[in-house]
Number of protein chains: 2
Amino acid sequence: MDAAVTNKEITIKDVAKQANVSVATVSRVLNGRDRVSDATRKKILKIIEELNFVPSTMAASMVKKKTNMLAVVVPEIQNPFYTAVIGGTVEIANNEGFFTIVISTNGNETEEEEFFESFLSKNVDGIVLIGTHREAGFYRNIRKPTILVDRYINDSGHDGVLIDNYRGAYEATKHFVDYGHERIAIIDGEHDFNDGKDRYWGYRQAMLEGGLTPDPKYHKQGKWLEEDGYRFAMELLQAEQPPTAIFAANNVICKGVIRAVRDLNLQIGEDISLIGFDENELAQFVQPRVTVVARPTREMGVQAAEMLIQKIKGEPKEQAKPKKVILDVELMKYGSVKKLK
Amino acid sequence: MDAAVTNKEITIKDVAKQANVSVATVSRVLNGRDRVSDATRKKILKIIEELNFVPSTMAASMVKKKTNMLAVVVPEIQNPFYTAVIGGTVEIANNEGFFTIVISTNGNETEEEEFFESFLSKNVDGIVLIGTHREAGFYRNIRKPTILVDRYINDSGHDGVLIDNYRGAYEATKHFVDYGHERIAIIDGEHDFNDGKDRYWGYRQAMLEGGLTPDPKYHKQGKWLEEDGYRFAMELLQAEQPPTAIFAANNVICKGVIRAVRDLNLQIGEDISLIGFDENELAQFVQPRVTVVARPTREMGVQAAEMLIQKIKGEPKEQAKPKKVILDVELMKYGSVKKLK
DNA sequence: TTGAAAGCGATACCAA
DNA sequence: TTGGTATCGCTTTCAA
């Protein structure tokens, strides 16, 4: 409580001197694994308390070559999907004695690169990464334990936690087909990563299996943004032959679609059927609630953190093949799809 | 590119050896402030590139006694208000060459305490803190540059970035009064912090000035949760003499109220007038849009980061009195308040 | 302009 | 059970 009056930081030396022991002994009680006599331990503990001494984790990290820090790198920090992943990771990390640095790359490859070059490679024990880069080379250069989340790059050399995008999109589209829809549109974005691509191919496969031919004029590709959802929904719904169903391939696109439908004074589940990918607040709120492909967002962060920490603690031997953990998605049917037959 | 084959990390020594210079010289080109001849600089740079050498910021931090790391400590990481603050801070920090550790205390005093004791006091240059503790003592014990955001504790000894909660609530309530409302309810939570208290007193003041007497049965105190908003709105709206207007004193309470109104099949702005505190997605979406007291969330993080970094860089002399920066709020009138007279 | 060497604050090995 | 000391990878005087 009555900390030193001087501004100088208290170090292990000060404690040792005060306690009339060597720094080695103080270090021992700090770490608690070597044995120290009860008497000296108590004495040292008391002095630590009195001096308000806090050991420098940095100095310790330097010799231990372990920082007990994780990094979570995300493309942006506003999207609830990413904050959910962050939340899951932070929670596990804290439980396991790790701190977490959160870095937003703003979806910018250059920024992402700078972070890795300047910092991450040396100062964290491991990385949970929702990457922005598209080429495997970038990922292979990362020498730290790393878990790729959501966006997986083959040949990256790292483990991944993903969801079954293909199946999610497939189930959604099949649901439309089962309910008799034929003019089924999809609004997505570039197919830079596996996730976007898989969703499209899941959609496509369900169409074909249902005896339908995917029509290019019902496939709208933007940049995965809310405004794309809005704009394309506007286009589609005001076309000569509008679709009867729209599959919104991510959460923000879905929000855009909902807004467009509202602005056109149409009724979801009546005038237009809709399925979104991933939960979003609006989808839960509108009447009827929007059917979505739900994915375990927070759980992805939890999984990633667990795998990462195990990897950090584990033998470096275990460098088997990178493994992908694929979490399951679930089609939550809430009534935004009209039965046509 | 062709990094060392051995697993050993490359250090400044390796670079020095390769370049036939001393480590001091390498350090000089790394930091760029001392003069080094052009020839040797180029030679060293080339070797750094070849060896793929990345200096250990930890070792540097140890001697410089500066980590270039900030911590943002928040009660939870799901609430969009907090992620907005984090986002603002992270952005400024990155621009200024700082990294950011994000820590969620889960609104738990013990967790908060542990973080400070075990880590923060030594390893970050400064802290942006949305605190959970209620007593000034806890804050006074923090010896690092710290900016308190949103929740301010007097006598804490730190600067703060807040908003004018009092005025926000006052304006909202006055708006109700001006439109002829007399039975005006408020749903809030405990008055542990200045923010909650101020909002209540702003409400109260506007009531009194309007010649109205705050009626305890129209003051519902929960725990600032969405479910409180829902539950209390249900109660209020089904009472014998329901209020004509509700002031929802934070963003999640407002969401709960909106849901309750919907579930009762009532019409916002018609059957019940509503004003929320702070933006929230639902409020923007329902028809009519809900009038809210808007606060500059991201801007709070930006401000805090700027003040913090200035403090870190500045003279330790400048320990004037702690200063509070109070950002302005604005009543955004969107039509959820009915004119009664 | 460059080099030698003394730290920074811990840990860990080897002796005692 | 304890102490002495080399060490981690870098920065920063002080000399050359």
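Every chain is numbered from 1 and lettered A, B, ... according to where its sequence line falls, protein lines coming before strand lines.
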Q: Would you indicate whether the side-chain heavy atoms of A:Phe53 and A:Leu30 approach each other to under 4.5 Å?
A: yes
Q | Partner set under side chain to side chain donor-acceptor pair (under 3.5 Å) for A:Asn94, not counting sequence neighbours | A | none
Q: Scan A:Asp34 against the nucleic acid and name what it touches under 4.0 Å (heavy atoms): base, sugar-phosphate only, or nothing.
A: nothing
Q: Measure from the side-chain N and O atoms of A:Asn108 to the backbone N and O of A:Thr105, and report whether any donor-acceptor pair falls under 3.5 Å.
A: no
Q. Do the side-chain N or O atoms of B:Ser22 get closer than 4.0 angstrom to the phosphate oxygens (OP1, OP2) of C:dT2?
A. no
**Q.** Polar side-chain atom of B:Arg41 near backbone of B:Val29 as donor-acceptor pair, under 3.5 Å
**A.** no
Q | Positions of residues 35-48 of chain B (non-hydrogen atom under 4.0 Å from DNA chain C), listed by number | A | B:Arg35, B:Val36, B:Ser37, B:Thr40
Q. For the pair made of CG in A:Asn123 and P in D:dG9, what is the distance, rounded to whole Å?
A. 13 Å
Q. Rounded to whole angstroms, how far apart are NZ on A:Lys13 and P on C:dA6?
A. 13 Å
Q) Is there a side-chain contact between B:Val85 and B:Asp150, using heavy atoms and a 4.5 Å cut-off? A) no
Q) Tell me: CZ of B:Arg33 to P of D:dT11, nearest whole Å? A) 9 Å
Q. Roughly how bent is the helix from C:dT1-D:dA16 to C:dA16-D:dT1 end to end, in steps of 10 degrees, with each end axis from five pairs?
A. 40°
Q: Identify whether any heavy atom of A:Val26 sits under 4.0 Å from a base atom; if not, whether one sits that close to sugar-phosphate; answer base, sugar-phosphate or nothing.
A: nothing
(Q) So if I take every side-chain heavy atom of B:Val23 and compare against D:dT11, D:dG4, C:dG3, which nucleotide ends up nearest? (A) D:dT11
Q: Let me know the distance between NZ of B:Lys17 and P of D:dC10, rounded to the nearest Å.
A: 13 Å
Q. Within this structure, what is the CD1-to-P distance between A:Ile12 and C:dA10, rounded to whole angstrom?
A. 5 Å
Please tabulate, for the side chains in residues 17-26 of chain B, all donor-acceptor contacts under 3.5 angstrom to protein atoms that are two or more places apart in sequence or on a different chain.
unit_1, atom_1, unit_2, atom_2, d
B:Ser22, OG, B:Ala24, N, 3.4
B:Ser22, OG, B:Thr25, N, 3.3
B:Ser22, OG, B:Thr25, OG1, 3.2

Q | Atom-to-atom span, CD of B:Glu9 to C1' of D:dG9 - whole angstrom | A | 11 Å
Q) What pair of heavy atoms forms the shortest contact from B:Tyr139 to B:Ser156, and how long is it? A) CB-CB, 3.5 Å
Q: Look at the side chain of A:Arg28 and the backbone N and O of A:Asp34, then say whether any donor-acceptor pair between them is shorter than 3.5 Å.
A: no
Q) Are OP1 or OP2 of D:dT11 and a side-chain N or O of B:Ser27 less than 4.0 angstrom apart? A) yes
**Q.** Contacts of type ring pair (Phe, Tyr, Trp, His ring centres under 6.0 Å), residue B:Tyr152, not counting sequence neighbours
**A.** none
Q) Which of residues 60-68 of chain B sit near DNA chain C, with a heavy atom under 4.0 Å from it? A) B:Met62, B:Val63, B:Lys65
Q. Should we count NZ of A:Lys42 as having more than 12 external heavy atoms under 6.0 Å?
A. no
Q: Would you mind telling me which of C:dT2, D:dC10, C:dC13 lies closest to the side-chain atoms of B:Thr25?
A: C:dT2
Q.
Measure CG/A:Leu30 against C1'/C:dA12 and give the value in whole Å, please.
A. 14 Å
Q) So, does B:Asn141 use its side chain to make a donor-acceptor pair with the main chain of B:Phe138 at under 3.5 Å? A) no
Q. The side chain of A:Phe53 lies closest to which of these nucleotides: D:dG4, C:dT11, C:dA10?
A. C:dA10
Q.
With a 3.5 Å distance limit and no angle check, can you tell me whether B:Thr100 reaches the backbone of B:Ala71 through a side-chain donor-acceptor pair?
A. no
